[in-house]
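First comes the structure, then the notes that go with it.
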Amino acid sequence: MFLSIAPPLMDFEDELLWINQSSNKDLSVLYDKSNYVTPNTKLLIEQAFIQPLSLQDQQILFDDLLKQNRNIAHQYGLTPAKLPQLVENNPLISIEILLRLMLNTDITEYFNILVNMDITLHSMEVVNRLTTSCPLPTEFIHLYISNCISTCETVKDKYMQSRLVRLVCVFLQSLIRNKIINVKELFIEIEAFCVGFSKIKEAAALYRLIKHLESGDTIQTSSSLTK
């Protein structure tokens with residue numbers, strides 16, 4: 001039996017040192033919890049995609065959003081494809097998340113999904129709130145308006161068509177009164193829309209509004225949509 005001398009330990013200048021916190025009470029480890037999502041919050045997020053949340057649960061998510069600094073889409077699992085589900089079930093939450101994403105993320109894909117999703121009260125409320133909270137690309141707003149008008153013209157059910165036309169008219173009035181859009185750039189399209197649905201009082205009111213603007217009259221601002 002031959003005995004060999006143990007080889008010397010290799011000396012690494014940048015070697016990672018293991019810190020045993022329990023053996024040295026003078027050391028304190030600081031953890032970055034800025035992007036930590038609790039299990040309860042994760043459960044609420046998963047539920048937010050499939051059903052409306054209570055006001056209390058919504059507030060929990062709002063409070064958590066304030067703690068998140070980055071990677072919100074990753075932490076919340078919000079892919080562009082899942083945006084329509086969140087908009088329809090919890091529009092207020094989707095508004096807050098999109099506003100946070102716009103601070104440090106390119107959300108072009110989210111805009112593309114939003115502009116092409118079904119036109120509903122919730123989707124219009126989300127777009128309306130976004131426009132009054134921060135500048136949005138003009139092209140996006142124009143495409144969304146065109147999609148709204150096109151959808152109204154293609155709906156077959158008369159009751160649903162009338163309801164959607166009323167919603168779109170109120171939405172457009174909100175954009176105009178808050179000076180989000182330049183009516184001159186969309187005047188022909190909006191005028192034709194109003195004339196086509198002139199029997200609906202909201203369309204007639206929108207027509208009068210754009211005519212007043214055409215004549216140079218001033219208008220009052222508004223920040224919300226109404227059913």
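Quick caveat: nothing in here was measured; it's all calculated off a predicted structure.
A distance of 11.5 Å separates CD1 in Ile141 from CG in Asn182, rounded to the nearest 0.5 Å. The distance from atom CZ of Arg166 to atom NZ of Lys201, rounded to the nearest 0.5 Å, is 8.5 Å. Note: Glu139 CD to Phe111 CZ = 11.5 Å, rounded to the nearest 0.5 Å. Distance check: Leu121 CG to Phe171 CZ gives 11.0 Å after rounding to the nearest 0.5 Å. Atom CG of Asn147 is separated from atom CG of Leu143 by 8.5 Å, given to the nearest 0.5 angstrom. Distance CG/Leu175 to OG1/Thr132: 9.0 Å, rounded to 0.5 Å.
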Checking Thr79 against Glu109 for the side chain to side chain contact (heavy atoms under 4.5 Å, CB included) test, could you report, in this order, the C-alpha distance in whole Å, the side-chain angles of both residues, the deciding distance, and whether it holds?
CA-CA 9 Å; Thr79 62; Glu109 291 186 49; over 6 Å; no
Quick one, Asp63 with Gln59, criterion side-chain hydrogen bond (donor to acceptor under 3.5 Å, both in side chains). Give me CA distance, side-chain angles, the key distance, then yes/no.
CA-CA 6 Å; Asp63 293 340; Gln59 189 59 52; 3.0 Å; yes
For Lys211 and Glu191, run side chain to side chain contact (heavy atoms under 4.5 Å, CB included): C-alpha distance rounded to whole Å, both residues' side-chain angles, the deciding distance at 0.1 Å, then the answer.
CA-CA 9 Å; Lys211 285 299 183 180; Glu191 182 183 41; 3.1 Å; yes
Check step by step if side chain to side chain contact (heavy atoms under 4.5 Å, CB included) holds for Val170 and Leu167.
CA-CA 5 Å; Val170 175; Leu167 291 175; 6.0 Å; no
Test side chain to side chain contact (heavy atoms under 4.5 Å, CB included) on Phe187 and Leu213; report intermediate values, then the result.
CA-CA 10 Å; Phe187 185 85; Leu213 286 174; over 6 Å; no
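Exactly one of Asp57, Leu65, Asp64 qualifies for a side-chain contact (heavy atoms from CB on, under 4.5 Å) with Thr41. That residue is Asp64.
Cluster annotation: Tyr159 and Ile200 are assigned to the same hydrophobic cluster (Ile/Leu/Val/Met/Phe/Trp/Tyr, side-chain heavy-atom contacts under 4.5 Å, transitive). Hydrophobic clustering (ILVMFWY, side-chain heavy atoms < 4.5 Å, transitive): Leu43 and Tyr76 are in distinct clusters. Note on Phe62: it does not cluster hydrophobically with Leu103, by side-chain heavy-atom contacts below 4.5 Å among ILVMFWY residues.
Taking 4.5 Å as the limit, every side-chain heavy atom of Ser198 sits out of range of all side-chain heavy atoms of Tyr207. Within the 4.5 Å cutoff, the side chain of Arg129 has heavy atoms near those of the Leu92 side chain. In this structure the side chain of Ile95 never reaches within 4.5 angstrom of the side chain of Val87, judged on heavy atoms. A heavy-atom distance below 4.5 Å is found between the side chains of Leu78 and Tyr110. At a threshold of 4.5 Å between non-hydrogen side-chain atoms, the residues Met117 and Glu88 count as touching. Taking the side chain as every heavy atom from C-beta outward, Ser123 and Tyr144 approach each other to under 4.5 Å.
A donor-acceptor pair is defined here as one N or O able to donate and one able to accept, closer than 3.5 Å; such a pair exists between the side chain of Thr154 and the backbone of Ser150. With Ser133 contributing its side chain and Leu130 its backbone, the two residues share no donor-acceptor pair below 3.5 Å. A donor-acceptor pair is defined here as one N or O able to donate and one able to accept, closer than 3.5 Å; no such pair exists between the side chain of Glu202 and the backbone of Cys169. Asn90 places no side-chain N or O within donor-acceptor distance of the main-chain N or O of Ile93, the cut-off being under 3.5 Å.
Between the side chains of Asn89 and Gln85, no donor N or O sits under 3.5 Å from an acceptor N or O. Ser146 and Glu189 share a donor-acceptor pair across their side chains, judged by distance under 3.5 Å alone.
Within 6.0 Å of CD in Gln51 there are more than 12 heavy atoms belonging to other residues, nucleotides or ligands. Annotation for Asn116: atom CG counts as buried by contact number, over 12 foreign heavy atoms lying within 6.0 Å.
The two residues Ala48 and Leu53 have their closest heavy-atom pair at CB-CD1, 3.8 Å. Shown here for Ala203 and Phe197, the closest heavy-atom pair between the two residues is CB-O, 3.1 Å.
Looking at Glu214 and Lys184, no side-chain N of the basic residue comes within less than 4.0 Å of a carboxylate O on the acidic one, giving no salt bridge.
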